[in-house]
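Read through the structure below, which is laid out as structure tokens, and then see the notes.
Letters go in sequence order (proteins before strands), and every chain restarts at 1.
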There are 2 protein chains.
Amino acid sequence: MKDARKIKDLLYEQVARIGKVFSSPKRLELIELLCQGEKTVETLAREASISVKLTSSHLRELRMAQLVETERQGKNILYRLANRSVADLWVQMHTLAEDRLVELQLALQKIATRPDDLIASDRDSLIKAARKGEVVVLDVRPSEEYLNAHLPFARSIPLEELRQRLSELPKDRSVVAYCRGPYCLMAADAVALLKDEGFTAFHLREGVAEWAISK
Amino acid sequence: MKDARKIKDLLYEQVARIGKVFSSPKRLELIELLCQGEKTVETLAREASISVKLTSSHLRELRMAQLVETERQGKNILYRLANRSVADLWVQMHTLAEDRLVELQLALQKIATRPDDLIASDRDSLIKAARKGEVVVLDVRPSEEYLNAHLPFARSIPLEELRQRLSELPKDRSVVAYCRGPYCLMAADAVALLKDEGFTAFHLREGVAEWAISK
DNA sequence: TAATCATTCCAGCAAACACTAGAATGATAA
DNA sequence: TTATCATTCTAGTGTTTGCTGGAATGATTA
């Protein structure tokens, strides 16, 4: 009887190790970044706006829970998610959070400059329209992330280059911009810029990881 | 720019609220229990072997993250998961843990008295065999949990009553026992008892929640 | 009214955690 | 060798957490 208690505690403790990794905001941000593809510590630190040392220690937690893998490439060390299911768990967790937490829903509403900028993601019809060329699906993430994975029929113009490359986009058709996911501000910025310049632009909340999981 | 940081931090902080709930072993145990159906605080405390007061405070965390709902029923208060996706997240998290953490794999191996007691869950063929009556699928959880939900064609004999009710089971066919899930010891105990008594018995690792999610 | 179920508040304790800073270490490339 | 990328150690700080115990409170039933 006492033994049964002990072994049960041990089991739940192990699962809780995974939960602990997902209980820190900064680690979640790193996970989301790693969902976009492998990255060096420096890149992760810069994109998450934290020190390299702190990044390193958060990555250590991820490593100890076996959720990431590393690979040396020259002077740099590349981190990547160990598994598709790590990204899936992140998506499922933030989806549940969005479903349950009113505070999160409110905060998310502030991101889209206007609610009508948001496009309801009807996966099939968006693909169909993109295939026919009726809309332009625009990936505004850094180009390495686009190269790693992107939505079907998407074109890449990183947010930084968008202003200079406006001429590549059509004014007679809709542009649907997306970025890393619902917590990334790049697509919203892109849509604001595009609308300013007279384009018809919409904001797709989903990123590649969310898209991959949606049924 | 500074604003973008702040709003991002806010978003990840909200998701981390969910992660925090899943980062305590005792809370995970409570979640697993709640996956079996609604329960009173007293029941949860007894089944998780912790004090009512501690149970109450863990349930408070679950409530504040909007992951459970409560309903007064007479003198008791019933807790239930707010949503199917809470159970799904628990299953997905412990599945990932089992996939990544060697320590967990080792600990799980100790549960099954013998590894060959475990049956590989080939969902379709098990259902087919159960429908034909070639095997008896046996639910050894308390009967309220069976009544709340159970596997197709499963019969209910709670572990506590099993010894007295052995005559209800056939000796010429296999018995496949299951309980709450991989971290529950009841099915393993049942299999050990049945084999002792000359039955052909196997242990199905999955519980109802795992079964519901498996593709 | 008294008994039961559950929550809450108080206080306290030990442990863990997030973050920062300084200094040392190791591995690699030029 | 020197510079770069990354980790590690030490050390400190302030916060949060899990758990315990005692006492009070509320809601419901009998």
Return whichever of A/Ser57 or B/Leu78 has its heavy-atom-nearest nucleotide of DNA chain C closer to the 5' end. B/Leu78
State which of D/dG18, D/dT20, D/dA6 makes the closest approach to the side chain of B/Ser51. D/dT20
Between D/dT8, D/dC5, C/dC19, which one does the side chain of A/Ser56 approach most closely? D/dT8
Rounded to the Å, how far apart are B/Arg72 CZ and D/dG26 P? 13 Å
Between C/dT8 (C1') and B/Glu61 (CD): distance, integer Å: 14 Å
With respect to the phosphate group of C/dT7, does any side-chain polar atom (N or O) of B/Tyr79 fall under 4.0 Å of OP1 or OP2? yes
Rounded to whole Å, the CD1-C1' distance (B/Ile50 to C/dA6) equals 14 Å
Any A/His58 side-chain nitrogen or oxygen under 4.0 Å from OP1 or OP2 of C/dC19: yes
Counting distance only, does the side-chain N/O of A/Arg165 pair as donor-acceptor with the main-chain N or O of A/Ser167 below 3.5 Å? no
Among C/dC5, D/dA6, C/dC17, the one nearest any side-chain atom of B/Asn76 is C/dC5
Does atom CZ of A/Arg163 have more than 12 heavy-atom neighbours from other groups under 6.0 Å away? no
Between B/Val52 and A/Lys53, whichever has its closest DNA chain C nucleotide further toward 5' is B/Val52
B/Lys75 (side chain) and C/dA6 (base): donor-acceptor pair under 3.5 Å: no
Just how far, in rounded Å, is C1' of C/dA3 from CD of B/Glu42? 13 Å
Ignoring hydrogens, what is the shortest heavy-atom contact between B/Lys26 and B/Ala48? Give both atom names and the distance. NZ-O, 3.7 Å
For the pair B/Glu71 (side chain) and B/Ile77 (backbone), establish whether a donor and an acceptor sit closer than 3.5 Å, ignoring hydrogens and angles. no
What is the separation between atom CE on B/Met64 and atom P on C/dT7, rounded to the nearest whole Å? 13 Å
Of the candidate nucleotides D/dC19, C/dA18, C/dA6, which contains the atom at the shortest distance from the side chain of B/Val41? C/dA6
Rounded to the nearest Å, what distance is computed from the CD atom of residue A/Gln73 to the P atom of nucleotide C/dT28? 13 Å
Answer yes or no: side-chain N or O of B/Lys26 and base N or O of D/dG18 forming a donor-acceptor pair under 3.5 Å. no
Expressed as a whole number of angstroms, how long is the span from B/Arg46:CZ to C/dC5:P? 11 Å
Between A/Glu145 and A/Lys39, does at least one N-O distance fall below 4.0 Å, as a salt bridge requires? yes
With respect to the side chain of B/Arg27, which nucleotide from D/dT17, D/dG18, D/dA6 is positioned closest? D/dG18
Rounded interatomic separation in angstrom, taking CG from B/Leu59 and C1' from D/dG18: 15 Å
Please check the phosphate of D/dT7 (OP1 and OP2 only) for any side-chain N or O of A/Arg60 closer than 4.0 Å. no
Between D/dG18, D/dA6, C/dT20, which nucleotide has the shortest distance from any of its atoms to the side chain of A/Leu54? C/dT20
Return yes when atom CD of A/Glu160 has more than 12 non-hydrogen atoms of other residues, nucleotides or ligands closer than 6.0 Å, and no otherwise. no
